[in-house]
Structures are given as C-alpha cells and as structure tokens.
Amino acid sequence: MNTEAGRKFAVITGGSSGIGYEFAKVCAEEGFEVLIVADYGTDAAAEQLRADGAAVTALPADLSTFEGNEGVAATILQRSQPVDILALNAAVGVGGAFLETDLERDLALIQLNIGSVIHLSKRLLPAMVTRGEGRVMITSSIAATMPGPYYATYAASKAYLLSFAEAIRYELKDTGVSVTALLPGPTDTEFFDRARMQDTPVAEARKDDPAEVARDAFQALMAGDDKVVVGSVKNLLQAAAARLAPEQFKAARHAAQTKPKDQE
Ligand SMILES: NC(=O)c1ccc[n+]([C@@H]2O[C@H](COP(=O)([O-])OP(=O)(O)OC[C@H]3O[C@@H](n4cnc5c(N)ncnc54)[C@H](OP(=O)(O)O)[C@@H]3O)[C@@H](O)[C@H]2O)c1
C-alpha cells in the first residue's frame, strides 16, 4: 500500500457514507492522507473523495467479524506510517420492538458497534501510545444519554461506547493520545433506512447535515475534547436535560421518536 510521505494519516471506519464519509472529506481537506474502512461502499467513496483531490485508500472489510478486524489492524500496522487520527465510527442500528427484532441482527450489531471498536482499539492503540501522539474519536450518540426503546440494542451499544471512551481517555491521559467521544443527534444519513426505521417520527423529522457534524467533530477532536454533542441546539438541550431527568421519563420521550408508526 502506498503512502504519501510527509502527510499525517487518518483511519476512518464507516468512511464510505454519512458522517464517516464527510469526516474523511474534512480530514483530506486538512491535509491528511485517509484510509477508509467499510463493508461495501469503500471503492465508490474513495473514487469520489479522490475526484475532490483527496489522498485516500479504500480498505473493504466486514468489521462485524473477528477476521475482518484482525485483517484491518494487520494492514494498518504493516504500513510505515503512524496513525495520527483513529476514527472508530462504523455502526448500524436495528429498529423495532426488541421482542420482534431478529436475534442475528442484534448480535451482529453488538459485534460491529462494540466488538470492532474494542478490537481495533486493542490492536492499534499500543503503537499510538508508544509514539506518544495521536487522536482517537469514538462515535457514540446522543442516544447514549438515555434509554432507547425501539432500538434498544443500538442505544445500549452507544452507551457502552461512551463509557468505554471516557474510561480509556482517563487511562491514556498522560500518554499524548487523546480520546474524544462524538455524540451526534439525528443526522441525515443512510442510518435510518439501514436500521429499518423509516416509519418512525425521528426518521421523518428534520435532521442535522452530516457535513456540519463532521466539521464540528474534527474541531473537537483536534482540540482534544472529552465528549462533544454535535449538531443542532436541540441536541445540546436534550443532552443537558438527560443529566437531570429520571430514566423512565427519558425512555418515554425517546420512544415517542423511535416507535414505529404501525405500533401506535
Ligand atoms: N445518523 C444519525 O442520526 C446518527 C446519530 C448519532 C450517531 N450516529 C453514529 O454515526 C456513525 C455513522 O453512522 P451514519 O449515520 O453515518 O450511518 P451510515 O451512513 O449508515 O454509515 C454507516 C457506515 O458504517 C459502515 N458499516 C456498516 N456495516 C459495516 C460492517 N459490517 N463492516 C464495516 N463497515 C460497516 C457502512 O459501510 P458500508 O455501507 O460500505 O458497508 C458505512 O460506512 C455510527 O456510529 C452511528 O451510530 C448516527
């Protein structure tokens, strides 16, 4: 795999669409060489980014499998270039009442949303810490701050990631490697279609622009921020209210957004 001498290097999982794609674009604009990792869409996304002048490599991998993560880690570690930005962002949702969703989809969600973040952190952080430099972004969600009925495994996976990010941020505080948790609110990407949540109030409501989310994320990451709620003011208010409100109240408020309309 070729590297472009002198450029800083950003690795972005889920970089083929949505927030990850826009984040890859911002990194490229800021002079980073970019590696995007995703399951299906990497080649088309890389081609598009290259057309905009980016130095980008595509690495297709199914990050819901052990082998997929192991292969990605090995490919990155074999390069001569150290990782400056590690954005662990790939995830899926599974919409619907928990008793009705497929067990296989829920377990695959956990393998991807949680398993891949743990796997790639375990494999790639040691070199970053040894070098004493680097920035890690873990994409959680505002959904992490409250129970998430009608996509329960998704919201729980994002709460896991927020806790994990905060914990390793503390462990790495004196190493030169910062860890930032990104908490977007509803954002206009393929997420809701893939999660089969088209028929929900949140999918039909106005959403944030992924390009703006990505720009805010980049700024927070470079500033070494702890966690950042990105997007509209509504998200900030929701996150602030979540610190005070009882869980059952938050669950009901959240459910009003995520409940499929045919179940009302
Ligand atoms: N959209 C929102 O409202 C929202 C809100 C809060 C947080 N987030 C978070 O933001 C992050 C990005 O989501 P998004 O909204 O940008 O959704 P998206 O457009 O659906 O992007 C998801 C990305 O994950 C990749 N991916 C899915 N399954 C994969 C697998 N098995 N192996 C490797 N890559 C896989 C997809 O790649 P391929 O298609 O190429 O497989 C795609 O690049 C996620 O962590 C999500 O939880 C989103």
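When a ligand or atom number is given, it counts from 1 through the structure's own listing order. Heads up: numbering here begins at 1 and tracks the sequence.
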Can you sort out the partners of Glu29 under salt bridge (Lys or Arg N to Asp or Glu O under 4.0 Å), two or more places apart, ordered by chain and number? none
Could you report the tightest heavy-atom contact between Tyr154 and Val92, atom names first, then the distance? CD1-O, 3.2 Å
Between Thr145 and Lys250 the two heavy atoms that sit nearest each other are O-NZ, 3.4 Å
Aromatic ring proximity Phe249/His254, centre distance under 6.0 Å: no
Taking the ring centre of each residue, are Phe192 and Tyr151 less than 6.0 Å apart? no
Go through ligand 1 atom by atom and flag the ones less than 4.0 Å from a non-hydrogen atom of [X].
{"X": "Ser16", "answer": "36 (C), 37 (O), 38 (P), 39 (O), 40 (O), 42 (C), 43 (O)"}
{"X": "Pro186", "answer": "3 (O)"}
{"X": "Ala90", "answer": "24 (O), 34 (N)"}
{"X": "Ser140", "answer": "7 (C)"}
{"X": "Ser141", "answer": "6 (C), 7 (C)"}
{"X": "Asp62", "answer": "30 (C), 31 (N), 32 (N)"}
{"X": "Gly18", "answer": "16 (O), 19 (O)"}
{"X": "Val92", "answer": "27 (C), 28 (N)"}

Measure the distances from the heavy atoms of [X] to every atom of ligand 1 and state whether one is below 4.0 angstrom.
{"X": "Phe192", "result": "yes"}
{"X": "Ala45", "result": "no"}
{"X": "Gly185", "result": "yes"}

Does a salt bridge link Glu33 with Arg79, judged by any charged N lying under 4.0 Å from a carboxylate O? yes
The single option from [options] passing side-chain contact (heavy atoms from CB on, under 4.5 Å) against [X]:
{"X": "Leu86", "options": "Arg135, Met128, Met137", "result": "Met128"}
{"X": "Phe23", "options": "Thr139, Leu182, Leu221", "result": "Leu221"}
{"X": "Tyr150", "options": "Lys259, Gln257, Glu100", "result": "Lys259"}

Side chains of Pro184 and Glu212 in contact at under 4.5 Å (non-hydrogen atoms): no
I'd like to check Val179 versus Ile138 (side-chain heavy atoms, cut-off strictly below 4.5 Å). Are they in contact? yes
If you measure only the distance, is there a donor-acceptor pair under 3.5 Å linking the side chains of Asp208 and Asn235? yes
Can you tell me if Thr13 and Asn89 form a side-chain donor-acceptor pair at under 3.5 Å? no
Selected option - heavy-atom contact closest to [atom], from [options]:
{"atom": "atom 47 (O) of ligand 1", "options": "Tyr154, Phe23, Phe191", "result": "Tyr154"}
{"atom": "atom 22 (C) of ligand 1", "options": "Ala91, Ser157, Gly20", "result": "Ala91"}
{"atom": "atom 3 (O) of ligand 1", "options": "Leu161, Asp208, Thr187", "result": "Thr187"}
{"atom": "atom 11 (C) of ligand 1", "options": "Asn235, Ile19, Asn89", "result": "Asn89"}

Polar proximity ligand 1 side, Gly41 side, N/O cut 3.5 Å exclusive: yes
Suppose we measure from [atom] to each protein heavy atom; which comes out shortest, and what is that distance?
{"atom": "atom 23 (C) of ligand 1", "answer": "Gly14 CA, 3.6 Å"}
{"atom": "atom 17 (O) of ligand 1", "answer": "Thr189 OG1, 3.5 Å"}
{"atom": "atom 28 (N) of ligand 1", "answer": "Leu112 CD2, 3.5 Å"}
{"atom": "atom 41 (O) of ligand 1", "answer": "Asp39 CB, 2.9 Å"}
{"atom": "atom 39 (O) of ligand 1", "answer": "Arg194 NH1, 2.7 Å"}
{"atom": "atom 18 (P) of ligand 1", "answer": "Ser17 OG, 3.4 Å"}
{"atom": "atom 32 (N) of ligand 1", "answer": "Leu63 N, 2.9 Å"}
{"atom": "atom 10 (O) of ligand 1", "answer": "Thr139 CG2, 3.4 Å"}

How long is the gap from CG on Asp188 to CD1 on Ile19, to the nearest 0.5 Å? 10.0 Å
Which distance, rounded to the nearest 0.5 Å, do you find between the CE of Met222 and the CG of Asp225? 11.5 Å
Would a search of protein heavy atoms around atom 13 (O) of ligand 1 find one under 4.0 Å away? no
Could you see which bit of [X] sits under 4.0 Å from ligand 1, with heavy atoms only: side chain, backbone, both or neither?
{"X": "Lys158", "answer": "side chain"}
{"X": "Tyr21", "answer": "neither"}
{"X": "Ala61", "answer": "backbone"}
{"X": "Ser116", "answer": "neither"}
{"X": "Thr13", "answer": "neither"}

Taking the six-membered ring of Phe32 (Phe, Tyr or Trp), confirm whether the NZ or CZ of Arg7 is under 6.0 Å from its centre and within 45° of its axis. no
Under the criterion side-chain hydrogen bond (donor to acceptor under 3.5 Å, both in side chains), I'd like the reasoning laid out for Asp106 against Thr101: C-alpha separation, chi angles, the key distance, then a yes or no. CA-CA 7 Å; Asp106 282 318; Thr101 54; 2.7 Å; yes
